[in-house]
Amino acid sequence: MSIETISLSGRKKVVSNKEMTFLERLYLVAIFKGLVITIKHFFRRKKTIHYPEQVRVRSDVYRGQHQLKRDEQGRENCTACGLCALSCPAEAITMKAEERKANEKHLYREEKYASIYEINMLRCIFCGLCEEACPKDAIYLTTSKVLVPSSYEREDFIFGKDKLVMPLDVAMKNAQLKNAN
Amino acid sequence: MDSTFIIEKSVVILVVFAVTMIMAMYSTWAERKVAAYLQDRVGPNRAGWGGLLQPLADGMKLFSKEEFIPNTPNKFLFVVGPAIAMSTALMTSAVIPWGDKLHLFGRDILLQATDINIGLLYFFGVVSVGVYGIMIGGWASNSKFSLMGAVRAASQMVSYEIAMGLSMIALLMMTGSLSLREISMQQAEMNWNVFYQPLSFLIFLICAFAETNRTPFDLAECETELVGGYHTEYSSMKMGFYLFAEYANMFISATIISVLFFGGYNYPGMQWMVENAGVNPANVLGMVVLFAKICFFIFFYMWVRWTIPRFRYDQLMHLGWKILIPLSIINIMITGVVMLRGEIAAYLGF
């Protein structure tokens with residue numbers, strides 16, 4: 001067997017330029033064959049995922065909308081150290097630090113917290129470097145599993161703490177699950 | 001001519017008009033749905049159940065769009081173009097027998113707007129006027145793409161009309177009548193013309209694709225080359241009229257194919273139904289059967305559209321002039337020989 005005739009994939013087809021027979025030149029047979037192929041597809045099951053109703057299962061490492069974490073007692077992890085903003089290659093994150101008052105101990109885990117924390121979702125490239133940079137396990141892209149929703153206004157894409165911080169009841173439920181295990 | 005006759009005919013015309021419009025409307029929906037299904041997609045499914053309100057949404061969109069008229073020297077022709085396309089598309093349905101007759105209010109109602117004895121000729125005449133809508137619109141648009149599309153459409157329709165007419169002659173030699181009602185009646189009980197004239201049917205079918213500007217002969221509007229062809233410059237409902245006319249034409253040509261070759265409203269056992277179940281149920285079933293045939297051919301048009309790529313322009317002309325026309329002439333000769341075989345045998349002394 002010479003090297004030209006070997007087909008590693010097993011799908012090699014040699015092109016032939018032979019004269020077409022009369023039946024082939026009529027095209028009607030070929031058209032009929034084509035029609036059979038398309039009608040087979042007509043009855044095939046459709047693989048379409050109807051998006052707003054059905055959501056595709058996302059992988060474990062899928063990076064979607066950011067989430068600011070709470071700990072087991074529902075206190076915010078973020079201490080506004082600014083490492084996420086520093087690591088962000090798209091300059092999407094801004095924040096303002098504030099000192100924790102005595103009566104806010106149940107809200108924030110450490111003495112310092114972010115009073116304003118904003119991510120511009122139009123700038124964000126969802127690289128996940130903020131997640132890697134965070135020393136306090138405060139910001140995650142992989143847990144929310146949602147895409148950033150669309151909107152008509154640019155201002156709507158600057159997400160504040162109201163959209164980013166994980167809801168309290170979810171945090172408590174997570175804590176319960178952790179204790180149960 | 002009494003007043004009941006006028007009322008009867010007006011009702012029939014109104015119903016035919018409405019049915020043509022609804023069929024054209026839902027052909028757009030079906031086109032998108034069939035295209036989607038043939039390509040493993042689901043197609044429009046948001047407006048109404050299964051996207052059934054999609055044509056209404058499209059219509060509303062087209063109505064509410066800005067009506068843009070390009071800077072053309074002849075605005076009148078620009079407006080007339082879609083009007084001609086639309087009216088000719090709707091005129092053809094006048095001669096089609098949708099069923100035999102209904103017996104209502106003590107009188108027989110023919111299910112046909114008018115039974116003229118040159119029905120088929122009328123159909124050809126109106127269809128060839130239809131090309132003016134495209135030509136005038138394309139020319140008045142004052143755009144290279146539109147003009148190109150119009151020129152292509154004109155030459156394509158003119159050349160395929162010849163083959164279409166010639167293929168019809170073989171059929172007419174057999175039927176001996178141009179009245180579509182008579183042709184339908186001759187095909188009672190599976191006596192379909194397609195079994196006697198398969199070649200004529202094939203030529204007619206191919207020409208019908210060309211006449212309605214459908215793929216593989218959609219050179220008049222081919223998006224990949226001419227933006228939108230003759231309706232490039234059109235917007236709003238004028239554009240909608242062109243698209244609508246195309247689908248109405250498709251419906252009419254599917255109807256003509258069903259009537260000429262597939263027995264029209266006839267179905268096996270129709271005579272038995274008339275005797276046992278009465279005239280009305282038998283003919284209502286006949287209408288349903290005709291519509292099933294029409295729907296199949298409309299589906300066939302779409303099926304072919306999403307299977308075969310577009311012909312090249314020279315291939316189109318080659319097929320029309322060098323293959324279909326000689327073939328239909330040969331078909332006429334064969335038909336003549338078969339019809340006169342007794343005389344020929346006698347002449348040759350068998």
Side-chain angles (χ1 to χ4, degrees), chain A residues 9-59 62 64-65 121-122 144-154 156-157 163, chain B residues 30-51 198-210 214-217 295-312 314-316 318-320 322-324 326-327 330-331:
Chain A
S9 66
R11 292 195 297 270
K12 180 177 168 183
K13 271 186 188 157
V14 181
V15 177
S16 94
N17 286 327
K18 73 170 174 56
E19 284 274 298
M20 283 194 284
T21 62
F22 176 71
L23 210 62
E24 282 171 336
R25 266 191 293 136
L26 272 182
Y27 279 124
L28 289 174
V29 181
I31 286 173
F32 180 75
K33 275 185 193 162
L35 288 174
V36 169
I37 290 172
T38 43
I39 203 70
K40 269 185 198 156
H41 282 265
F42 191 86
F43 295 110
R44 205 172 271 186
R45 262 196 65 203
K46 309 296 171 238
K47 297 206 173 78
T48 309
I49 296 167
H50 300 256
Y51 169 58
E53 294 94 34
Q54 290 173 10
V55 180
R56 192 173 61 179
V57 180
R58 309 224 187 271
S59 97
Y62 175 80
Q65 189 184 317
M121 291 299 176
L122 291 177
S144 71
K145 300 271 186 275
V146 290
L147 292 156
V148 175
S150 55
S151 178
Y152 291 106
E153 305 293 329
R154 277 177 174 273
D156 294 348
F157 286 99
K163 288 177 182 157
Chain B
E31 171 97 89
R32 297 172 65 175
K33 215 62 181 165
V34 168
Y37 269 69
L38 289 175
Q39 297 168 352
D40 295 336
R41 297 184 284 118
V42 285
N45 64 349
R46 295 285 140 173
W49 183 83
L199 189 60
S200 174
F201 163 66
L202 194 68
I203 296 167
F204 190 86
L205 186 72
I206 294 170
C207 294
F209 273 98
R214 298 278 304 175
T215 325
F217 306 114
C295 288
F296 171 76
F297 277 104
I298 291 178
F299 174 76
F300 185 72
Y301 270 101
M302 294 166 182
W303 184 10
V304 167
R305 172 168 182 185
W306 300 103
T307 302
I308 311 173
R310 186 182 305 128
F311 273 71
R312 216 171 49 210
D314 62 309
Q315 290 170 332
L316 172 93
H318 179 265
L319 181 68
K322 287 181 170 171
I323 297 175
L324 292 182
L327 211 58
I330 291 169
N331 192 31

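When reading the values below, keep in mind they use all heavy atoms of this one structure, side chains included, and skip hydrogens, waters and symmetry mates.
- Contact annotation for Ile37(A): neither backbone nor side-chain heavy atoms come within less than 4.5 Å of a heavy atom of chain B.
- Take Glu19(A) and apply the side chain to side chain contact (heavy atoms under 4.5 Å, CB included) test, not counting sequence neighbours, and it matches no residue.
- Contacts between Leu38(B) and chain A at a heavy-atom distance below 4.5 Å involve backbone atoms as well as side-chain atoms.
- Every side chain to side chain contact (heavy atoms under 4.5 Å, CB included) that Leu319(B) has, sequence neighbours left out, goes to Tyr160(B), Ile206(B), Phe217(B), Phe311(B), Ile323(B), Leu324(B).
- Residues satisfying the ring pair (Phe, Tyr, Trp, His ring centres under 6.0 Å) test with Phe204(B), not counting sequence neighbours, are Phe261(B).
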Interchain donor-acceptor contacts below 3.5 Å (chain A, chain B):
unit_1: Leu35(A); atom_1: O; unit_2: Trp303(B); atom_2: NE1; d: 3.0
unit_1: Thr38(A); atom_1: OG1; unit_2: Trp303(B); atom_2: NE1; d: 3.1
unit_1: Thr38(A); atom_1: OG1; unit_2: Thr307(B); atom_2: OG1; d: 2.9
unit_1: His41(A); atom_1: ND1; unit_2: Asp40(B); atom_2: OD1; d: 3.3
unit_1: His41(A); atom_1: ND1; unit_2: Asp40(B); atom_2: OD2; d: 2.9
unit_1: Lys46(A); atom_1: NZ; unit_2: Tyr37(B); atom_2: O; d: 3.2
unit_1: His50(A); atom_1: ND1; unit_2: Asn45(B); atom_2: ND2; d: 3.2
unit_1: Glu53(A); atom_1: OE1; unit_2: Arg46(B); atom_2: NH2; d: 3.3
unit_1: Glu53(A); atom_1: OE2; unit_2: Arg46(B); atom_2: NH1; d: 3.0

